[in-house]
> 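Pasting a structure below so you can have a look.
We name chains A, B, ... by the order of the sequence lines, and we start the count at 1 in each one.
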Amino acid sequence: MAAGANFKGIHVTNDLTRAKEPFEPADAEKVTMYVCGVTVYDECHIGHARAYISFDVIRRYLEFKGYGVYHIQNFTDVDDKIIRRSNELGIPFSELAEWNEKNYFKVMDALNIKRASVYPRATEYIGKMVELISGLMEKGHAYQSGGDVFFDALSFGAYGILSNKNLREDRFGSDEAPDGKKHPADFALWKSAKPGEPSWDSPWGKGRPGWHIECSTMAVNLAGATLDIHGGGYDLVFPHHENEIAQSECYTGKKFVRYWLHNGFVEMDKEKMSKSLGNVIAVSEILEKHGPDALRLFFLSAHYKMPVSYSDERVAESEKALDRFDVFFSKIEDIARRTRGTGARDSARELKAKIISARDNFIAAMDDDFNTPQAIAEIFSLIKNCNSWIAGAESEAEEITADEAGVLREAAAVVRELGNVLGLFGAAGRHEEDDTAVDDLVELLIRVRKIARDKKDWAVSDMIRDELAALGFTIEDGQSGTTWRKRK
RNA sequence: GGCGCCGUACCCAAGUGGCUAAGGGAGAGGUCUGCAAAACCUUUAUGCAGCGGUUCGAAUCCGCUCGGCGCCUCCA
């Protein structure tokens, strides 16, 4: 393929063309990626977690491949739901928005989701939105109806290109005579203010923006007419993203988005999870039961475009799978501490080759539309190969040498590196920066326990193990000494 | 009515034209071990919803059938 300079091997499934295409951003130094953010009227639920974990991994991988990423994610801080909810609570809408915005960061930080480059708020762009709407009116793509302004869907020939709809053949909405619209597919750019609602001045009187206009406005103002990537959940394809294309392209006259990427839904009992069905689970609720990495691994075990059925049992399985990493890391640290001699047997050299190919395979999997399940499989395979080598080496007479331990550490470094690309091992409190005083005390207890074990005093030995387990430390007696690790 | 997705082992889930159908969880047997745990080895789909077709060759392409789901209305 005649690939351009900005192609680095990644292929993505573009929802605009419904085909897998080579990913070639306009500028490798600055890939522009706009991900639809939340409407801050309620807590974050697991659907949000899935969406933002998906795009977090996409962003991390782009950066891993050497792209600079300018990541825009908005906050919708004024809309019907926010107004209704704040009225119910008897607080200003801005206060509700602010509170939920804080909750958003708290939850997403806990999930180790990288912060976007900018977080524009709808209310900060009202003036720019008015500008854009005025531009659309001048070009004949919008019309006023009372105090409302609507986008004229029929005026945009490409309307329906993303969601594969046809203005003449498809149904749009249920009402035949929608209030003031010329065509049912027309949508509000500006809504006139009703009593008691927050409002802003405009050429069409006091009012507030429609839902879709904010994303177009922010994208165009922050990133320019054309975005490389625009992301969000599949539920946004229609009408939200379809309408964004219409507004933006009519305003700028340029292609709005080169690659549209959408993540699949989280389902509950084979049913879409949604507010209207009342089957949503808050992220904070999950995090009380499972670690952030468990939830992340659970989601990444399926391709980002596929629907996923949420289940506590499945997340618990991911949590167990995660143990393999912990065991692997601590085992290798252990081996590295007690090596003997130098040099490496042939099998260790073969292992080294496997490390390299595992890394290559991981990259090949991620290059293919961010195939995280395949990528994860490659990491587990590598761990299995290492464990297998260790078991074999330990059964032999010779001790593991410093050079061989070096190969194992390389493997551990690759596992960490690739795990980080997926956003794993990054949540607060894992590994590394632990309290050394606590570590020393555990080591001390293990030495005491060894004395008891040497005397075959199993009662004392088991008591220490049980008590430490109760405190969250797992003690394991291996062939060559005792190892320990902290749970979670 | 229009548009679209999915059906791979006990469960989850990659693979979408050609080597032994990844990986995780679970189960069974074994090695190691004071016990436990971990790890390792072996094992669990001659088979990819069903039926036809294309092909030297299909889980993978085409058609039909059955089953599950989504969007067309606010939603990640």
> Does either side chain, that of A:D79 or that of A:T39, offer a donor lying less than 3.5 Å from an acceptor on the other one?
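No, because no side-chain N or O of A:D79 sits under 3.5 Å from a partner of the opposite role on A:T39.
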> Taking only the side-chain heavy atoms of A:Y52 (C-beta and beyond), determine which of B:C71, B:A76, B:G34 contains the nearest atom.
B:A76
> Record whether the side chain of A:D462 comes under 3.5 Å of the base of B:G34 through a donor-acceptor pair of N or O atoms.
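Answer is yes: a donor-acceptor pair is held.
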> Classify the nucleic acid contact of A:K384 as base, sugar-phosphate or nothing, counting any heavy atom under 4.0 Å across all strands shown.
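The residue A:K384 makes sugar-phosphate contact but no base contact.
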> Write down the partner of B:A37 under the Watson-Crick or G-U wobble criteria, each distance required to be under 3.5 Å.
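Pairing partner, where one exists within any strand: none, as none qualifies.
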> Just the rounded figure in Å: distance from P of B:G25 to CG of A:D312.
18 Å
> Give one of base, sugar-phosphate or nothing for A:G264, where a contact means two heavy atoms less than 4.0 Å apart.
base
> Which whole number of Å gives the distance between the C1' atom of B:A13 and that of B:G52?
29 Å
> Using a heavy-atom cut-off of under 4.0 Å over every strand shown, decide if A:R449 touches base, sugar-phosphate, or nothing.
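Here A:R449 touches the bases of the nucleic acid.
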> Please measure how far the C1' atom in B:A59 lies from the corresponding atom in B:G47, and state the result in whole Å.
9 Å
> Would A:R115 and A:F105 count as a cation-pi pair here, with the cationic atom under 6.0 angstrom from the ring centre and within 45° of the axis?
yes
> Could you measure between the two P atoms, the one in B:C3 and the one in B:U44, and give it in whole Å?
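These two P atoms come out 45 Å apart once rounded.
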> Between P on B:C72 and CG on A:N243, what's the gap in Å once rounded to a whole number?
12 Å
> Partner of B:A59 by Watson-Crick or G-U wobble geometry, both contacts under 3.5 Å, or none?
none
> Are the ring centres of A:F150 and A:F187 closer than 6.0 Å?
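A:F150 vs A:F187: aromatic centres not under 6.0 Å.
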> Could you tell me whether A:F425 and A:F325 have their ring centroids closer than 6.0 angstrom?
yes
> Tell whether A:S461 reaches the base of B:G34 with its side chain through a donor-acceptor pair below 3.5 angstrom.
yes
> Can you tell me whether the side chain of A:D235 and the base of B:C74 have a donor-acceptor pair closer than 3.5 Å?
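There is none.
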> Under 6.0 Å between ring centres, would you say that holds for A:Y52 and A:F55?
no
> I want to check one thing: is the phosphate of B:A39, taken as OP1 and OP2, less than 4.0 Å away from some side-chain N or O of A:R324?
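For B:A39, OP1/OP2 do have a side-chain N/O of A:R324 under 4.0 Å.
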> How many whole angstroms separate atom CD1 of A:I332 from atom P of B:A38?
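To the nearest whole Å, that distance equals 18 Å.
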> Do A:R416 and A:F329 form a cation-pi contact, if we require the NZ or CZ to be under 6.0 Å from the six-membered ring centre and within 45 degrees of the ring's axis?
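Yes, a cation-pi geometry holds between A:R416 and A:F329.
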> What is the distance, to the nearest angstrom, from the CG atom on A:N385 to the C1' atom on B:A22?
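Rounding to the nearest Å, CG of A:N385 and C1' of B:A22 are 13 Å apart.
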> Regarding A:G233, tell me which of base, sugar-phosphate or nothing describes its non-hydrogen contacts under 4.0 Å with the strands shown.
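Since only primed, P, OP1 and OP2 atoms lie under 4.0 Å of A:G233, the category is sugar-phosphate.
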> What's the CZ-C1' distance between A:R485 and B:A39, to the nearest Å?
11 Å
> Taking the side chain of A:C36 as its heavy atoms from C-beta onward, which of B:G34, B:A76, B:A26 lies nearest to it?
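Closest nucleotide among those given: B:A76.
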> Using whole Å, what does the distance between atom P of nucleotide B:G23 and atom CG of A:L418 come to?
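Going from A:L418 (CG) to B:G23 (P), I get 17 Å.
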> Quick one: A:I229 CD1 to B:A76 C1', roughly how many Å, whole number?
17 Å
> Nearest nucleotide by nearest heavy atom, which residue falls closer to the 5' end of RNA chain B, A:I475 or A:F380?
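It is A:F380 whose nearest nucleotide is closer to the 5' end.
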> With rounding to the closest Å, how many angstrom separate the C1' atoms on B:A9 and B:U43?
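The same atom, C1', in both gives a distance of 13 Å.
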> Using heavy-atom distances to pick each residue's nearest nucleotide on RNA chain B, tell me which of A:Y41 and A:A377 is more 5'.
A:A377
> In whole Å, what separates the C1' atom of B:C69 from that of B:U54?
30 Å
> Answer yes or no for this row: A:W458 ring on B:G34 base, centroids under 5.5 Å, planes under 30°.
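Yes, A:W458 stacks on the base of B:G34.
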> Would you measure the distance from the P atom in B:U33 across to the matching atom in B:G27 and give it in whole Å?
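Going atom to atom, P in each nucleotide, I get 24 Å.
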> Considering just the side-chain nitrogens and oxygens of A:S381, establish if one lies under 4.0 Å of OP1 or OP2 belonging to B:A22.
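Answer is no, no contact under 4.0 Å.
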> Partner of B:C64 by Watson-Crick or G-U wobble geometry, both contacts under 3.5 Å, or none?
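Answer to the pairing question: B:G50, which forms a Watson-Crick or G-U pair with B:C64.
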> Which value, in whole Å, describes the distance between the C1' atoms of nucleotides B:G68 and B:C74?
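Looking at atom C1' only, B:G68 and B:C74 are 26 Å apart.
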> Do A:S163 and A:E242 pair up side chain to side chain, a donor and an acceptor below 3.5 Å, judged on atom types alone?
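Looking only at side-chain atoms, A:E242 and A:S163 do form a donor-acceptor pair, the distance falling under 3.5 Å.
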> State the pairing partner of B:U73; accept Watson-Crick or G-U wobble contacts with both distances under 3.5 Å, and report none otherwise.
none
> Could you tell me whether A:Y104 and A:F75 have their ring centroids closer than 6.0 angstrom?
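A:Y104 vs A:F75: aromatic centres under 6.0 Å.
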> Between C1' on B:A76 and CG on A:N279, what's the gap in Å once rounded to a whole number?
14 Å
> Look through every strand shown and name the nucleotide pairing with B:A21 as Watson-Crick or G-U wobble, where both distances are under 3.5 Å.
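B:A21 is unpaired by these criteria.
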> Flag this pair as yes if the NZ/CZ of A:K165 is under 6.0 angstrom from the six-membered ring centre of A:Y159 and inside a 45 degree cone about the axis; otherwise no.
no
> So if I take every side-chain heavy atom of A:N387 and compare against B:A39, B:A76, B:G34, which nucleotide ends up nearest?
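My answer, after comparing the listed nucleotides, is B:A39.
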> Take nucleotides 3-18 of chain B nucleotide by nucleotide from the 5' end and write B, S or -, depending on whether a protein heavy atom sits under 4.0 Å from the base, only from the sugar-phosphate, or from neither.
SS------SSSSS---
> Using atom P in both nucleotides, what's the gap between B:A21 and B:A58 to the nearest angstrom?
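After rounding to an integer number of Å, I get 14 Å for this pair.
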> Are A:H241 and A:H212 close enough that their ring centres sit under 6.0 Å apart?
no
> Which part of the nucleic acid does A:E267 contact within heavy-atom distance under 4.0 Å: base, sugar-phosphate only, or nothing?
sugar-phosphate
> Considering Watson-Crick and G-U wobble pairs with both distances under 3.5 Å, what does B:A28 pair with?
B:U42
> With a 3.5 Å cut-off and heavy atoms only, can you find an N or O donor on one side and an acceptor on the other between the side chain of A:R465 and the base of B:C35?
yes
> NA contact type, A:V237, heavy-atom cut-off 4.0 Å: base, sugar-phosphate, or nothing?
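If one applies the 4.0 Å heavy-atom cut-off, A:V237 turns out to touch nothing in the nucleic acid.
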> Nearest to the side chain of A:E476, which nucleotide is it out of B:A37, B:G70, B:C40?
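Given the options B:A37, B:G70, B:C40, the side chain of A:E476 is closest to B:A37.
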> By the definition salt bridge (Lys or Arg N to Asp or Glu O under 4.0 Å), identify the one residue from A:K352, A:K354, A:R359 that meets it with A:E410.
A:K352
